[in-house]
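Reading through the structure tokens given below for one structure.
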Amino acid sequence: MDFQVEKVLSNGLGRAGVIKTAHGEIKTPAFMVVGTQGFVKFVPAEDLHALGAQAMLSNGYHLRRKAPEIAKQGGLANARASWAISSKQTHFAEPASSRPVVTGEPRLSLARGAADVPQNGLLATNSPWHSPTITDSGGFQVMSLGSGLGKVVSMEKERHVTNTAHKERLAKVSEKGVDFVDPFDGKPEFISPEESMRIQCQIGADIHMAFDELTSLADTYEYNIEAMERTERWVERSLAEHLRHRDDLGYRQNLYGVLQGGRWEDLRRKTAQNLAKMRVNGVGFDGFGLGGAFLKEDLGEILRWCNEELPMEKPRHLLGLSHPDDILIGAEMGADTFDCVAPTREARHGKIYTHDGNINLRKFSESREKLDEDCDCQTCQEGWTRGALRALWRSGDIEKKQQYYRLASVHNLRFIVRLTEEIREAMREGRFYEYKEAFLRRYYG
């Protein structure tokens, strides 16, 4: 992997650049669309390319059982995916021997061929992505299962969070790794740094994250020291194992060291220094992941502490954030790439992004307004109105509902991808701060 910095902001942190991988280039700053299971729900790869998506992030924890099959297909960028949706939206598009049916959103799978179609359901097969990919190690899932914080951490909602009692946790951390209970089938499992690297190297993304322990906002300073030091030992073990397998699929796979340290400056700066100089057989990390749980108002400062210590010539990925102000602050403070499930998840729940702030389609049953007057996405260019999309969303017809999921997801993804495109352009033209002020003034009123 090669990273070239093209333009640096006056603060010496934010920059525009290009990451070159085995499956293509990523022009930064860039938003990576999230395909947790190896593809973006209800959005074909062709649509993703059309809206400007450059890279996709998937989750090593969720793909761990499918990793050998993905390797047989030549890695994540070449894997073909299928999904099915039933009238009750509760079916798996997987063999009967897989996990049991769980209520909620449609379950999806990677597959060589067509999956079995549920009764009264629809099947869609996605083309391979054929572009850069990245996998997370599963550190967030470890924290979520252990602390009981659910699937998504909000920097605001978690302000007064409390952890699950230790005896009730589904995940238990030790120096060796993490013992956990799979929440779907109740089976005990174990993941170590070495196992995480073997899984990710089978999945074959261009960029991997070292195995880390993500703390919660409820954890003390003392525990953050313990977890940070353990994470440093884990990422060194991750690097050693990664070097053994990074070329297994016939192309170079790369590893980012992940920074923890909570909301404390001394811990953040110390771990950034340690990871920047860490070497195994003379080889260091190819880039760095900026992780951790922190309050929204602390984001800029925490990124500044980390990135003032990290080398300028290595790329940095900010994990799990996509609100416009977070991306603007992140880019300003030196983050190069971003990811988050929010654009598509919120689209499926009726939240639509616009330049004048977000709207909820529940309030627009008869509206003939465009989603966003200034949007250039395929959904808006085809003339879909707020009322028309709402009708699809609230329909009991599964074809119409699936059509809504695609149209709304395309719109929200394009909104965030376009934001990073415009940030990059503004950086290169020396007008980033003016662009940031104008965007936020309009978006937040």
Side-chain angles (χ1 to χ4, degrees), residues 36 59-65 67 135-153 155 158 161-201 203 208-242 255-264 266-268 270-272 274-275 278 280 285 288-294 302 306 317 319-320:
T36 301
N59 191 284
Y61 167 84
H62 288 290
L63 289 175
R64 67 192 187 281
R65 294 177 177 176
T135 45
D136 194 359
S137 68
F140 173 80
Q141 282 69 34
V142 168
M143 185 276 289
S144 178
L145 290 172
S147 300
L149 295 184
K151 295 181 179 179
V152 178
V153 171
M155 290 188 287
E158 309 307 328
V161 68
T162 56
N163 290 338
T164 300
H166 279 274
K167 63 181 180 180
E168 299 174 7
R169 295 186 177 191
L170 293 176
K172 298 206 173 14
V173 178
S174 68
E175 188 65 28
K176 293 181 179 180
V178 180
D179 287 283
F180 64 97
V181 176
D182 189 290
F184 290 105
D185 60 20
K187 294 180 179 179
E189 292 198 38
F190 173 78
I191 295 181
S192 64
E194 291 79 8
E195 179 65 12
S196 175
M197 292 304 99
R198 290 190 287 269
I199 289 169
Q200 290 188 73
C201 285
I203 295 169
H208 306 162
M209 293 291 163
F211 196 60
D212 64 317
E213 181 187 353
L214 172 63
T215 56
S216 85
L217 289 172
D219 288 316
T220 64
Y221 175 78
E222 290 72 22
Y223 187 80
N224 270 272
I225 294 175
E226 178 186 335
M228 183 192 76
E229 292 177 348
R230 180 164 41 240
T231 287
E232 290 181 4
R233 295 189 291 272
W234 280 2
V235 298
E236 185 172 17
R237 288 164 54 187
S238 295
L239 179 57
E241 188 68 13
H242 193 271
L255 182 64
Y256 283 16
V258 180
L259 280 69
Q260 294 296 339
R263 58 186 182 274
W264 291 277
D266 59 331
L267 302 187
R268 287 286 179 171
K270 179 181 179 181
T271 198
N274 290 344
L275 266 62
M278 187 175 287
V280 172
F285 294 106
F288 300 93
L290 306 170
F294 36 78
I302 289 174
C306 294
H317 181 81
L319 289 151

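The structure displayed is predicted, hence computed values, not measured ones. By convention here, the first residue in the shown sequence is residue 1.
Put simply, the side chain of Ile199 does not reach to within 4.5 Å of the side chain of Phe211, judged on heavy atoms. Counting only heavy atoms from C-beta outward, the side chains of Ser192 and Lys176 never approach each other to under 4.5 Å. Within the 4.5 Å cutoff, no side-chain heavy atoms of Ile225 are placed close to those of Trp264. Looking at Trp234 and Val178, their side chains come closer than 4.5 Å, going by heavy atoms from C-beta outward. Residues Glu189 and Glu195 fail the side-chain proximity criterion, which asks for heavy atoms closer than 4.5 Å. A heavy-atom distance below 4.5 Å is found between the side chains of Phe285 and Leu239.
Shortest non-hydrogen contact noted between Ala210 and Gly257 is CB-CA, 4.3 Å. The nearest pair of heavy atoms linking Cys306 to Ala272 is O-CB, 3.7 Å. Here the shortest heavy-atom pairing between Val258 and Thr231 reads O-CG2, 3.9 Å. Contact record, Arg237 with Glu175: NH1-O, 2.9 Å, taken as the closest heavy-atom pair.
For the atom pair OG1 of Thr135 and CD1 of Ile203, the computed distance is 5.5 Å after rounding to the nearest 0.5 Å. One finds the OG atom of Ser174 at 10.0 Å from the CD atom of Glu213 (value rounded to the nearest 0.5 Å). Asn224 contributes atom CG, which lies 6.5 Å from atom CG of Leu267 (distance to the nearest 0.5 angstrom). One finds the SG atom of Cys201 at 8.0 Å from the CD atom of Glu241 (value rounded to the nearest 0.5 Å). One distance of note links CE of Met209 with CG of Leu319; it measures 5.0 Å at 0.5 Å rounding. To the nearest 0.5 Å, atom CZ of residue Arg268 and atom CG of residue Leu290 are 7.5 Å apart.
Remark: Arg233 does not engage Glu236 in a salt bridge, criterion side-chain N to carboxylate O under 4.0 Å. Glu226 has a carboxylate O that lies under 4.0 Å from a charged side-chain N of Arg230, or vice versa, which qualifies the two as a salt bridge.
Side chain to side chain, Gln260 and Thr271 fail the donor-acceptor criterion of an N or O pair below 3.5 Å.
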Going through the distances and angles, do Asp266 and Tyr221 end up as a side chain to side chain contact (heavy atoms under 4.5 Å, CB included)? CA-CA 11 Å; Asp266 59 331; Tyr221 175 78; 2.5 Å; yes
Under the side chain to side chain contact (heavy atoms under 4.5 Å, CB included) rule, what do Met228 and Thr215 come out as? Steps first, then yes or no, please. CA-CA 9 Å; Met228 183 192 76; Thr215 56; over 6 Å; no
Might you work through the side chain to side chain contact (heavy atoms under 4.5 Å, CB included) test for Leu259 and Leu275, ending with a clear yes or no? CA-CA 8 Å; Leu259 280 69; Leu275 266 62; 3.8 Å; yes
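A distance-only check finds a donor-acceptor pair linking the side chain of His208 to the backbone of Gln200 [under 3.5 Å].
Ring pair Phe180/Tyr61 is tilted by interplanar angle, where 30° to 60° counts as tilted.
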